[in-house]
Amino acid sequence: MSALTLENVSYKYKNAQGNAVSDITCKFEEGNVYAIVGPSGSGKSTLLSLLAGLDLPTEGEVAFDGDSLKGLNLDRYRRESISMIFQAFHLFPLMTVMENVCFPMELCGVTPKDARPRAEKLLEGVGITKDQMGRFPSKLSGGERQRVAIARSLASNARIILGDEPTGNLDGANTQNIVDILCSLAHEQGYCVIIVTHDMEVAEAADVALRMRDGELRIDF
């Protein structure tokens, strides 16, 4: 079953003349990496917001495993079913790397004692050393901080990872490293990874590349 399905989805901001997203029908399945590209103002961020349940469609349906988001507890959906990775990392600056990754688990009721071994395993999986786990994010490079952000996104056991320009602040080598990690998560562990990006190298590494223009979505290559 598709992880996320959009059926004739449109979204219009209040007092706007046209739709930010127009009549999109699309499936996002587990085990694949999807890249959404397009110029600024094309509707990419609005689409990501709809997938994340931060907004609901003006028309049509967004469904998770066959259930419309309109009928789900959206706070629970955002907490347990999807995770987001951002260009600016959004790590908590006054928490250590370890504490950043434990935090989502503790929000879901996991005790700190039980959260720590899982956080350590997740961080090791993205190449963070035990020494780095005790540091604050400001003491890490940009690439290292994004790897921490990926580990944190996995902590809640959500099967869908949404990336909002996750490589936008990284150089070429670190971009490739992050892309390799995200592709591995999809292909080897069955995650559904959806990335909004301006980077064509990221788009070319995806299993499916989608282009947005004027609120419309189509398969690009």
Side-chain angles (χ1 to χ4, degrees), residues 3-4 28 30-31 33 48-49 51-54 64-65 69 72-170 173-197 202:
L4 281 172
F28 297 97
E30 293 181 355
V33 178
L48 203 67
S49 182
L51 295 173
L54 297 172
F64 171 66
D65 284 347
L69 296 194
L72 298 182
N73 180 316
L74 291 179
D75 287 336
R76 183 175 181 180
Y77 168 74
R78 290 189 292 263
R79 184 173 62 249
E80 298 180 1
S81 300
I82 62 104
S83 290
M84 294 198 68
I85 307 169
F86 301 93
Q87 178 177 348
F89 317 127
H90 290 320
L91 299 175
F92 298 111
L94 299 182
M95 289 184 178
T96 65
V97 165
M98 174 63 72
E99 291 167 341
N100 264 278
V101 178
C102 286
F103 184 69
M105 290 184 273
E106 293 171 12
L107 283 180
C108 294
V110 179
T111 66
K113 180 181 178 181
D114 291 334
R116 190 176 181 89
R118 174 165 164 73
E120 184 173 316
K121 184 176 180 180
L122 291 171
L123 286 163
E124 288 177 345
V126 296
I128 298 297
T129 67
K130 289 186 178 181
D131 176 65
Q132 291 170 323
M133 294 176 196
R135 299 180 189 176
F136 291 104
S138 62
K139 300 300 182 181
L140 302 181
S141 69
E144 290 164 346
R145 278 180 279 174
Q146 195 60 292
R147 282 185 270 151
V148 174
I150 291 173
R152 186 177 64 179
S153 77
L154 303 176
S156 66
N157 286 322
R159 303 301 297 170
I160 299 170
I161 299 174
L162 304 178
D164 187 3
E165 297 285 357
T167 62
N169 282 334
L170 305 180
N174 278 308
T175 291
Q176 187 60 55
N177 182 267
I178 296 303
V179 168
D180 289 345
I181 291 171
L182 293 174
C183 287
S184 176
L185 289 171
H187 300 155
E188 297 177 18
Q189 300 185 45
Y191 286 86
C192 175
V193 180
I194 306 169
I195 306 168
V196 164
T197 183
V202 176

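Since this is a predicted model, take the numbers as computed values, not measurements. When reading the values below, keep in mind they use all heavy atoms of this one structure, side chains included, and skip hydrogens, waters and symmetry mates.
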Not counting sequence neighbours, which residues clear side-chain contact (heavy atoms from CB on, under 4.5 Å) with Ala119? List them please. Met98, Val101, Cys102, Met105
List, one per line, each side-chain donor-acceptor pair under 3.5 Å for residues 185-192, sequence neighbours excluded.
| from | atom 1 | to | atom 2 | distance (Å) |
| --- | --- | --- | --- | --- |
| His187 | ND1 | Cys183 | O | 3.3 |
| His187 | NE2 | Asp207 | OD1 | 3.1 |
| His187 | NE2 | Asp207 | OD2 | 2.8 |
| Glu188 | OE1 | Ser184 | OG | 3.3 |

Sort and list the pairs that fulfil salt bridge (charged side-chain N to carboxylate O under 4.0 Å, His left out) and have at least one residue in residues 143-160, not counting sequence neighbours. none
Under the rule for side-chain hydrogen bond (donor to acceptor under 3.5 Å, both in side chains), what residues qualify as partners of Asn174, not counting sequence neighbours? Asp171
Which residues share a side-chain hydrogen bond (donor to acceptor under 3.5 Å, both in side chains) with Ser81, sequence neighbours left out: none
With a 4.5 Å heavy-atom cut-off, do Leu51 and Ile82 have their side chains touching? no
Please, which pairs that meet salt bridge (charged side-chain N to carboxylate O under 4.0 Å, His left out) have at least one residue in residues 91-120, sequence neighbours excluded? Glu120-Lys130
Checking Phe89 now: which residues fulfil ring-ring contact (aromatic ring centres under 6.0 Å, His included) with it, not counting sequence neighbours? none
Taking only residues two or more places apart in sequence or in another chain, which ones pass side-chain contact (heavy atoms from CB on, under 4.5 Å) with Thr175? Thr167, Leu170, Val179, Asp199, Val202
Provide the full list of salt bridge (charged side-chain N to carboxylate O under 4.0 Å, His left out) pairs with a residue in residues 79-96, sequence neighbours left out, each pair given once. Arg76-Glu80
Restricting to side-chain hydrogen bond (donor to acceptor under 3.5 Å, both in side chains), what partner residues turn up for Ser156, sequence neighbours left out? Ser83
Write out all pairs satisfying ring-ring contact (aromatic ring centres under 6.0 Å, His included) with one or both partners inside residues 99-156, taking only residues at least two apart or from two chains. Phe92-Phe103
Full working for side-chain contact (heavy atoms from CB on, under 4.5 Å) between Gln87 and Asp164: CA-CA 6 Å; Gln87 178 177 348; Asp164 187 3; over 6 Å; no
Using a 4.5 Å cut-off on heavy atoms from C-beta on, say whether the side chain of Asn100 contacts that of Met95. yes
With sequence neighbours excluded, what pairs up with Ser153 under the side-chain hydrogen bond (donor to acceptor under 3.5 Å, both in side chains) test? none
